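Every chain is numbered from 1, with letters handed out A, B, ... down the list of sequences. Because the structure is predicted, anything quoted here is derived from the model rather than measured.
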Number of protein chains: 2
Amino acid sequence: MSQERLIEIETDILSKNDSYAHANRAVLAGKGVFAVNLVSSPGSGKTTLLCKTIEALGDMPLGVIEGDQQTENDADRIRATGAPAVQVNTGKGCHLDGHMVGHAMEHLDLPDGAMLFIENVGNLVCPAAFDLGEDGKVAILSVTEGEDKPLKYPDMFTAACLAILNKIDLAPHCDVDLDLYEANLRRVNPGIEIIRLSARTGEGMADWLAWLRAHLADKVVPEAAQ
Amino acid sequence: MSQERLIEIETDILSKNDSYAHANRAVLAGKGVFAVNLVSSPGSGKTTLLCKTIEALGDMPLGVIEGDQQTENDADRIRATGAPAVQVNTGKGCHLDGHMVGHAMEHLDLPDGAMLFIENVGNLVCPAAFDLGEDGKVAILSVTEGEDKPLKYPDMFTAACLAILNKIDLAPHCDVDLDLYEANLRRVNPGIEIIRLSARTGEGMADWLAWLRAHLADKVVPEAAQ
């Protein structure tokens, strides 16, 4: 297959995805739902962070879409917090797409003014290219991964509006330079916001919750805005 | 685009890849080169493990092919050990393929009976489907990633012949159950070999070096076998 034909196919797939993402975005805007797309390497701690976040948000209305190649494990962990969750298994697939998320949203029945957390498949490459209709991508990095990751996987950190440097409780045990991590993030995306956090100890959680609440507040339900 | 058409395209891409991989395998067999394809999430410690491995192997002839979306960083780290390395930047691509590796091999000029290390793009999904002509895939897991990863990304651990549980020096700091990690690996691949290792402290390195040497010894240069 020629390079031109491959590019044509890729453009076709991404353009179909964008139309699904556009439809999702319209649904979310109509309800004043603030949606974040959580992206990262496998094992950065997305699900643990999400469970702690849901507990801390108390009775705020929210829903979760979980993406994984296989298993219902993550949705089960979320449901154990009391929050509604829909698991999407991508099988051979390496990312969630707009079509999958649109279907999952139909099963969540989110109230107006809710938050929607979409936990993508753990993959620092492919999910960067797929808009799901979210308000923003939040990239989660475990500090154990090393400071060079933003430079080696620049697409993801260019696409993200916020980076969470997670597992900072492990930093003293793994020769990591958090300032260099931040400098490398800003090299690929000068406007990126950064929060240092440990879902385990709770450090940084207040900043993350404030970030979420501020963005939800900016997202007004059209009717309520009258 | 229909699902049938997408499957047709995928089959076409994988079959082209397999023909390149087949050619690579023939070249490597002709030289008695033992080739491993190192696969993992980003930040599992592949490059550090590789640097320590090269130092420990002393003057054994070897070469390295480094795959990353961007930067020459990893090849630079390998070259600092004195070993020859070729960097492949995949750009938007999420894995190395047989074609890229074939070209990179042309630039390495490996002697007979050498070892070839191919460090794939950090990604637990896509590299599982692409044969590069290697003798085996070695999956590296940082213990910080969590015991559920083999179940959530089963394709990679089914494709691998050896799993290295890396960064075990961090295990006491992150509530990880190494026996459960091993049990989950064997649930998806009952025949997988497993080595617990810390590239940082050197624990487990002897087992890994013995594994490499034993497999190299099994790979006899055709002429020398006369």
Query raised in the report: Between A:Ser142, A:Gly146, A:Gly122, A:Cys126, which residue shows the highest count of heavy-atom pairs closer than 4.5 Å to chain B?
Result: A:Gly122
Query - Among A:Val121, A:Asn73, A:Asp175, residue most engaged with chain B (heavy-atom pairs, under 4.5 Å) - result: A:Asp175
Report summary line: d(A:Lys152 NZ, B:Asp68 CG) to nearest 0.5 Å is 4.0 Å
Query raised in the report: Just checking heavy atoms, which of residues 93-103 of chain B are less than 4.5 Å from chain A?
Result: B:Gly93, B:Cys94
Query raised in the report: Does a side chain donor of either B:Asn120 or B:Asn37 reach within less than 3.5 Å of an acceptor in the other side chain?
Result: yes
Query raised in the report: Counting heavy atoms not belonging to B:Glu203, are there more than 12 under 6.0 Å from its CD?
Result: no
Query raised in the report: What part of A:Lys92 gets closer than 4.5 Å to chain B, counting heavy atoms only: side chain, backbone, both or neither?
Result: both
Query raised in the report: Among B:Asn89, B:Asp169, B:Asp74, which has the most heavy-atom pairs under 4.5 Å with chain A?
Result: B:Asp74
Report summary line: Here the pair of heavy atoms bringing B:Phe157 nearest to B:Ala139 is CE2-CB, 3.8 Å
Query raised in the report: Looking at A:Gln87 and A:Gly67, what are the two nearest heavy atoms and their distance?
Result: NE2-C, 4.0 Å
Query - Flag if over 12 foreign heavy atoms under 6.0 Å of CD, A:Glu55 - result: yes
Query - Atom of B:Glu145, atom of B:Lys149 and distance for their closest heavy-atom approach - result: O-NZ, 2.8 Å
Report task. Calculate, to the nearest 0.5 Å, the distance between atoms CG and CG belonging to B:Leu197 and B:Asp207 respectively. Result -> 8.0 Å
Requested in this report: Kindly assign one of parallel, tilted or perpendicular to the pair A:Phe117 and A:Trp208, based on the angle between their ring planes and the thresholds 30° and 60°.
Outcome: tilted
**Report entry** Option in B:Ser41, B:Pro42, B:Gly43 with maximal non-hydrogen atom pairs under 4.5 Å from chain A
**Finding:** B:Pro42
Report summary line: Among B:Cys174, B:Ser44, B:Gly45, the residue with the most heavy-atom pairs under 4.5 Å to chain A is B:Cys174
